[in-house]
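Below, chain A is the first sequence line, B the second, and so on; all start at residue 1.
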Number of protein chains: 2
Amino acid sequence: MRILLIEDDTVLGAAVRDQIAGDGQSVDWVTRLDAATEALSGTGYDLMLLDLMLPDGRGIPFLRVLRARGDVTPVIILTALDQISDRIEGLNAGADDYMVKPFDLAELSARIGSVARRYAGNPNPIITHGGLEVDLAARSVLREGRPVTLTAREWALFEAFLQRPGQLLSKAQLEDKLYAFGSEVESNTIEVHVSRLRKKLGAGVIETERGLGYRLGAG
Amino acid sequence: MRILLIEDDTVLGAAVRDQIAGDGQSVDWVTRLDAATEALSGTGYDLMLLDLMLPDGRGIPFLRVLRARGDVTPVIILTALDQISDRIEGLNAGADDYMVKPFDLAELSARIGSVARRYAGNPNPIITHGGLEVDLAARSVLREGRPVTLTAREWALFEAFLQRPGQLLSKAQLEDKLYAFGSEVESNTIEVHVSRLRKKLGAGVIETERGLGYRLGAG
DNA sequence: ATCAATCTGACAGCAAGCTGACCGCCGCAA
DNA sequence: TTGCGGCGGTCAGCTTGCTGTCAGATTGAT
């Protein structure tokens, strides 16, 4: 698996590079966005690790441009603790996961494995569930053959269910998934997003277990 | 943790088996892919160690088929082929890690620990009891293969029994478990919930000991 | 047989969940 | 800058079905 690491901190960058290399992955490490752009113009990467503060620009607009161009390479954002709002923005911009600095290198390996596994299987694996066809890599859903567009939050939520089909997920678990960090959602946000998802995907897709949580309905 | 070792070299296989067993894991060792397929048809494994060259076929297509079927059991490849192309092919096929022979047994233990940790919380241990299959993490119960849905209270109660299989639990103990704090349960709530559980799970699951309490029936 | 303990069907109160509506915010375009 | 449009968090009123309670039936011990 080829990984592009975009990080200007030389100490952290070297540590991450060594960790990933130790996992048997191949890593290219750049410290600037222009170098990243150049690297991306070549053969594709399977995963990107993106720092948000770089000497020649910020990571979020960079990611946004990337996604606008149609690039669906999985991205894990590396961000410092004091950039909470950036993380939410990052999710909106199309990031797949977050790591908050300072982070445990073993956990980084785990996240990489998890994101990679999500996209494993060479072409785009299509998950069919009821009348739905889901392409996780392309972030597209067809319902009865017709395309459905989901927002960033809706995707994050739907993915959580698809990754553990049949498993019950509590609201707390889903909040952790959507907000990656213990940000304070004080209202019925999850309920609202579930409601919006159901409206788009159909009523039977997500089932409620009163007092416990939600789970993906039987296909 | 249950590990399936697929390795035709009897010397290496025995060494690996003994090493893992020494770590306190339980190992099943097969030397052929068809035996592996058979082993996998039973109850799930938490990890697979897969040799790439076996008497009745190659490991990579085997793994590819496994993944295509939706099996996400972590796989560590054991290979004598130090070729990069094989490594990449293996990882593409869905392997989580690899070891190049000859390898240090202590390192194998470390890798096993690492992969297992990565999946911690993922592989849901299944408790079988009579005709029931219970997945505590997913909060799902199958009765004679058919799903049963429990409410929040029913889960709490059932869990209390599962955590202490065979042990007698008084009504007072169960009330403490269900209501956590000294709330006032003034009626036969526990009896009612036990009744509801029995109706959903079958009559023999929870046994009454008149005047004493309840216990989980012999599976 | 008698009595206490337990079982279970029925029911209503209420908390959990649903959803339409509102509005602030951000990114984009002029 | 201003305006526009879409996303997402919050709220309020409504709906749903879980759960505690009770009463009559049943069981088991003596």
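With hydrogens and angles ignored, the 3.5 Å screen pairs no side-chain donor or acceptor of B:Arg198 with any backbone N or O of B:Val205. At distances below 3.5 Å, at least one donor-acceptor pair connects side-chain atoms of A:Gln173 with backbone N or O atoms of A:Ser170. Looking at B:His129, its side chain does come within 3.5 Å of a backbone N or O of B:Gly217 through a donor-acceptor pair.
Each of C:dA10, C:dT6, C:dT19 was ranked by its minimum atom distance to the side chain of B:Arg196; first place goes to C:dA10. With D:dT10, C:dC7, C:dC18 as the candidates, the nucleotide lying closest to the side chain of A:Glu191 is C:dC18. Of all nucleotides listed (C:dC18, C:dT8, C:dC7), C:dC18 comes nearest to the side chain of A:Thr208. In the set C:dT6, C:dC18, D:dT10, the nucleotide with an atom closest to the side chain of B:Arg210 is C:dT6.
For A:Thr151 and D:dG8, the shortest distance from a side-chain N or O to OP1 or OP2 is below 4.0 Å. At C:dT8, none of the side-chain N or O atoms of B:His193 fall inside 4.0 Å of OP1 or OP2 (strictly under the cut-off). The phosphate of C:dT6 has neither OP1 nor OP2 within less than 4.0 Å of any side-chain N or O from B:Tyr214.
Regarding A:Trp155, its CH2 atom lies at a distance of 14 Å from the P atom of D:dG8, rounded to whole Å.
Between A:Lys171 and A:Glu191, at least one side-chain nitrogen of the basic residue sits less than 4.0 Å from a carboxylate oxygen of the acidic one, meeting the salt-bridge criterion.
Between A:Lys199 and A:Lys171, the residue whose closest nucleotide on DNA chain C is further toward the 5' end is A:Lys171.
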